[in-house]
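Within every chain, numbering begins at 1; the chains are lettered A, B, ... in the order of the sequence lines, protein sequences first and strands thereafter. Values below: every heavy atom of this structure, side chains too, minus hydrogens, waters and symmetry copies.
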Amino acid sequence: MTIQKENSMLQQKQMLADHFIELTQVQETGKKVVYTFVPGNLTELIYAFDMLPVYPEINALQSGMRKQSGDYIREAEEYGFSEDVCSYVKCDVGMMLQGNIGPTGQKLPPPDLLLLSYTGCFVFMKWFENLKYLYPDAEIAMLHIPYQESGRIEPNAMQYIKDQLTTEVIPKFERVSGKKFDPDKLASKMMLSAQAEDLLVKVFDSAQNKPSPIDAYFGGVYYIGPIFTAFRGSQACVDYYQELHKEVEYRVANGLGPITPDGTLKEEKFRLVVEGPPNWTHFRNFWKIFYDMGAVFVASSYTKVGGLYDEGFRHSPEDALGSLAEYCLGCYTNRNLPQRVDMLDNWITKYQANGFLVNSIKSCNSFSAGQLVIMRELERRLEIPVGFIETDLVDPRYYSFSNIKNRLDSFFQMLEQRTLYTGITS
Amino acid sequence: MKFDNFSEAIQHARTLFEDISFSYASNWKKQNSTRHIIGFLPIYIPREIIHSANMLPVGIFGAGDRIPVVHGDAYFQSYICHLPRTVIELAKSGHLNDFDGFIFPAICDVIRNLSGIFMLDNKQKFIRYLDYPQNFEGNVGGKFYRQELNRLSTDLEKLNGKKVITNELNHSISIYNEQRRLLKLLGDFRSEFPHKLSAVDYYLIQRTAHTMCVEDFNPYLENIFLLLDKLDVEPEDKIRVIISGSFCEQPPIGLIKTIENAGCYIVEDDLQLNLNWITKEIPTDTDDPIGALVDAYINHSIFSSTVYEGDKPKGDQLAEQVKDRKADGVVFCAPSFCDPALLDRPQLEKAMDKHHIRHFSFQYHENLGQFHVIKEQAGTFADTIKLWE
Amino acid sequence: MKVYLGIDLGSTTSKAVIIDEHNRIIGRGITNTRSNYKIAADIARMEAEFNSRLMIVYQRLKIDFPEEIEWQNVLPILENRFQYLQFKTRFDHLSETMITQVNQLENKDQCKKILNLLTTIFYDIEESIKQKFFTGKTSGTSEFFRDLFSVAYLHAIEDFDKTIFDLMTAIYDRSITPVENQIIDFNFEELTIRALDLLPDEMQTYHSRILPYLEEVSNIDLAPEDYIGTGYGRQLLPFEKKHIKSEILCHAFGAHAYFPKTRTVLDIGGQDTKAIQVDSQGFVTSFQMNDRCAAGCGRYLGYIADEMNISVSELGPIAMEADYETNICSTCTVFAGAELREQLNLGERKENILAGLHKAIVQRAFALLARSGGVRDEFTFTGGVARNPAVVKYVTQMVTENYGKIKINSHPDSIFTGALGAALFSATRKI
Amino acid sequence: MKMVKNNCNYTLGIDVGSSYIKIALVDYKADPAIIELVNEKIRKRNPSLLIEKIIDNILKKHNLVYEDLIYVASTGEGELVERKRGHFYSMTTHARGTYHYHPDAKTVVDMGALFCRVMSLESTGQVKNYAMTGQCASGSGQFLENITRYLGVTIDEVGPLSLQSTDPVRTSGICAVLAETDVINMVSQGLQTQDIIKGIHQSIARRIIKLLSKIKAESPVVLTGGMAMDVGLVATIQELNDEKNKGLEIFAVKNCYAAGAIGAALWGGFRHFKLLETQT
Ligand SMILES: Nc1ncnc2c1ncn2[C@@H]1O[C@H](COP(=O)(O)OP(=O)(O)O)[C@@H](O)[C@H]1O
Ligand SMILES: Nc1ncnc2c1ncn2[C@@H]1O[C@H](COP(=O)(O)OP(=O)(O)O)[C@@H](O)[C@H]1O
Ligand code: SF4
Ligand code: SF4
Ligand code: SF4
């Protein structure tokens, strides 16, 4: 079972490979390495200092997909982490304790700077507090992003972030990289970011077609890869999205459904919106349950964690620091619950979904706390069938196929009944 | 209200503790139409501001096993800590009806999302998630925090029309300074005579500080001191421990009792951390009392799992506490699924090892009823230190 | 005759329901065989067929001899006798198997001693159970061979000393599973005719009237037009995909058939508990199920019953005698069992402890209900555990306390709800 | 009428378990110290009465009266023992009981009916670090006992059978109660009893290995408690440990089932003389 490879996918693969090669060569090139988080990441700024980003979350996710997370998590639990806490943290710490071998099988360089950008998830802070002890030589910079508690961005929050950027983050970048901050360089990266973001939005919007040419969850995690992580602000990233967009347009023009590991989806039976991250340890197996049933995800909250571009935000070269601040404040999990419900409501309507599913992650409180309320609220507002399953991101112990299958079987039969009897058809 | 006998005084605290209807607060509110009740969740909030807005800050620490959870489970999956369930249960069963608003301090993602749930469920009430700076520069984090506090006081003003004014806020600060002073004395007393003031009694008194208005509480505590002086209890052959990690969801009373019965006097804990949060007397003679509160928070607050540790390792601070309290060991006792407490544990344990301090750890939830495993662990801990050392 | 079959392969019991073309139930069958789902399905279906035939006999007698008002008294007694004969066949089989086991013991003295003991024990058990059947103290659907026998057997050997006790339990444990899992090809006609002879004297007058009907009905073809399997073990059935349906939907549909105004269904079965919300047509809108842990479902009570060496059907009535509920701290079934013993030793009344245990299981179910969306009017309680009066009591209490005045339904045949839903789906086959 | 013997150093250790009662009579100052061990299954009887009965039997057998005992110590659920002088916690006593036979033991694992406890020892026998299983009985002794019932074998047969297995069945994390269905399913699929047992031993062993790694166990690891009598389980733990390259030496202590009782009796003696010391 291999994913049918399209050009964009090969392109993305190459970008990643190149990035990892660059990382393994830092000793020769002298480039400095920054570890940081996906939500609210400051990739443009990192590149403006010619440093290289590493995302422990992405490493954890990759370890999950490569079936190594179980071992890493065990290692971290032996180290002292509780069974109850975020498995990303444990997977990352475990990987580090076992030699920090990255997804390509090569050793990752240790961080020169831990950029603790604490956006939307409290665990980030605890995570890097732990890493600080594991990498005692690294410099650490804290960037605290206040929560959008009032449902809007408060001016003092913007100011607070800008202040932190100028008094804490940028000076530390300068110190570690040995370079002066160059605002023009940052601005030029921001410009490229905005171009890629425009294209990504178009890709996601294409799910309004019937059949949807994309799967905005399982396929979506590939689509968001470059823009959410190491490549935003690069020309390669823009090129990737141009290619991807072309492919999607082709599928729309030809009435094709999304690509799955078993080829193009034949018949779109259900259109779903999902809240919560996917499971990585059994990613294919999990995906298969859905495409076997003809279920397509037309929107998902997870693919918005690295930026809610479809809500209108774009990185902007004018007031670049302000733009970064706005970006950080606007991340999905940094928005309050009522806002998140409204967003999901909007997606369900906009993409004409006929079902809403929650994939609740056992060890991720940031997403999980409140999901049941979100579900009930949407059920009430939209009278849409809802489903609820539980898995974990990278802890294989929490993926119980039979349990999930049993629940999903009933969910799909429920959707079927609905479509046949009450005429809520797509 | 004056008590002549210690057990009656404690009974008073226990009654308040067990009253999930918060009738003390309701009665307090009835006396004047501008009075409001503001509930707040763990850990820290500047109660002085609420006080000077003529409102009663009441701590909501879940409801332990005092309320069966029916609706709460509809809001939270099984792998989320227990506290938010009983908070929901209290709200759903009408026990919080007299509250006019709720403040959710930034502590973790669960409380953060709980604030959103309250917004969805209680559209007409005042709900505020209060962010604290994790940057401790006066003109960065301090500035942000000051603006947050200003926003809070203007929002409170909208509730009852009462403006927070300088001299009144200064007065509020002074009366809470007094509360902090008295509570510190109580903590010192407990540490010195743990056989006279059991951990449960100490805890109940502390909880009272989060239920009663400060004008009633301070004399109550002074009264307690008089009664404590008269107690005559012999010390038992027990070791001395510090409890760490129970700052939010509260362990059941039975658990606290179990630890002491199994041979461990508790001489320090972080159960009611809000009360010891500010470690210095806050000046009351400035014309910028908000600034004084900000300064106290930024520069004179206790270490905690929810605050970025910067360059002051929490482990060392805990070790310091152990030394101050002449404790024999540390009990890491955290609620299940509690990210802040549990993610701190590996480094804290390593720090204890480094300082040659014995420790053991376990997890609980507020409605736990079976203390078997904990009893054995605490008992073994005490045995180990007693029999061999 | 056109009939449809629904089979619910539960985790502890397998149920079958046969309906006619007017969606009327004509027969039910149940077994607690858990060996192999194919066998369990066959046995349940066979039982449902027997039950259907007796029902048909009853219907026809009623039409042909309307003047005899006694049919509704006679037929159940005939069924008792019939079930007793089935029991007796298995019983003989089990006693033989056990005796063979004993004969294989190395220690011949022990062997002899145990054989002696067994002779009297078997005699006593047979007599007492026969009485139970004959006086209608058991109805075939609530007590299974294993439960009936093991309670009596363990009770009989309780006071023997350790070695003998251990040996005798082992002999029983070794024999019961194979015996239980054997399909015995009961001949309906032959067995019912023998049952006819066992009717009490005062009913013997009906003998000749009934006989021709039995002969005739024995030969009716009851092969279903269509069938659907559901339940925990449905994936393991050798059925085609279109003959398998999720138990959530079947339970909801069955509950809706019993009570058309149902909006919330709680099903507490042997190994899982389900909370289901349905719409006006009986279709599921949302549901929740528990994890694989015995705490909170039927096996929890089953385990407790084993601990106390009484049968599950006795638990509820005992708990109803409580004056308050002892607080049970452990969630785990095994720990709760230990707590039960502790409490008993501390002198607590068993009624109160049992009440506490019943309450605990209901509390767990309510967490699930809440998660599925709460309780809406009308509320229907199904599954095997709904036969337990104490559970029903606490369910009623908690619904009223937490959700106000809501109509609560529970059907005496609630254990068949899933199977009924499956049969109805197969009859309608719109999906 | 028996006479109280002066100058004797008899102590009694009573370990009240959830399914067995273990009692040890020890001569604290003699070598060998252990005089009598009893292991009795409670089997729905009242433990307090049973304990009284066993104590009376032991005393009678050794021609002693209660007053001859310098200390009576309880452990386990021993709070309910009436005639006792002190209570020690299970981990303390199992450590002591083990230390008695193996002063070089670094780790002790007590595998009982409901709980498993692991502790690491210092060279003095002092408990350094420990962990125990929590609120789920999956993988406990009671779990194994339930399984044997469903399989129709006695508890003594379990170990030898497990050793014969060639093709263990893979099982994991099954509920001690719902295991019934799983086991019956396995039997009906024609799986061999010994392979099922071995599979279950493996799942129990995995739990134990996990506990061991939690406390970073060092070699030698000594097993105590009733389940340590199960040779199949002991072998399986050893195997799994080798597979994971943990390099630990693992074996069961002599009289493993009574380690707690022996430990309690010994601590009793220790406390007695300590108290004498402080009094004078
Ligand atoms: N007569 C009865 N009285 C009380 N409880 C009963 C009775 N009959 C069955 N039960 C309970 O019902 C459970 C079986 O329920 P059922 O719905 O058949 O479960 P499943 O479908 O999972 O097999 C048993 O575990 C038992 O506890
Ligand atoms: N002869 C035996 N062979 C193997 N295992 C045994 C034997 N006897 C008892 N066991 C096991 O030991 C357990 C009891 O262990 P024990 O340490 O006495 O527990 P507790 O102290 O909790 O009662 C039983 O549950 C059983 O699994
Ligand atoms: S808790 Fe969730 S959002 Fe936070 S770091 Fe872990 S996986 Fe990411
Ligand atoms: S107990 Fe821990 S996780 Fe739960 S709300 Fe409190 S701080 Fe958050
Ligand atoms: S807690 Fe008890 S009942 Fe639940 S799975 Fe574990 S052993 Fe089974």
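If you measure heavy-atom distances from F76(B) to chain C, the contacts under 4.5 Å come from the backbone alone. For V69(B), no part sits under 4.5 Å from any heavy atom of chain C, backbone or side chain.
The two atoms that bring C329(C) and G369(B) nearest to each other are SG-O, 3.3 Å, heavy atoms only. Contact between A74(B) and A370(C) at its shortest, heavy atoms only, is CB-O, 2.9 Å.
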Polar pairs (donor with acceptor) under 3.5 Å from chain B to chain C:
from    : atom 1 : to      : atom 2 : distance (Å)
D73(B)  : O      : R371(C) : NE     : 2.7
F76(B)  : O      : R371(C) : NH2    : 3.3
Q370(B) : NE2    : S330(C) : OG     : 3.0

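Evaluation of the side chain to side chain donor-acceptor pair (under 3.5 Å) rule for S23(B) yields D19(B) as partners, not counting sequence neighbours.
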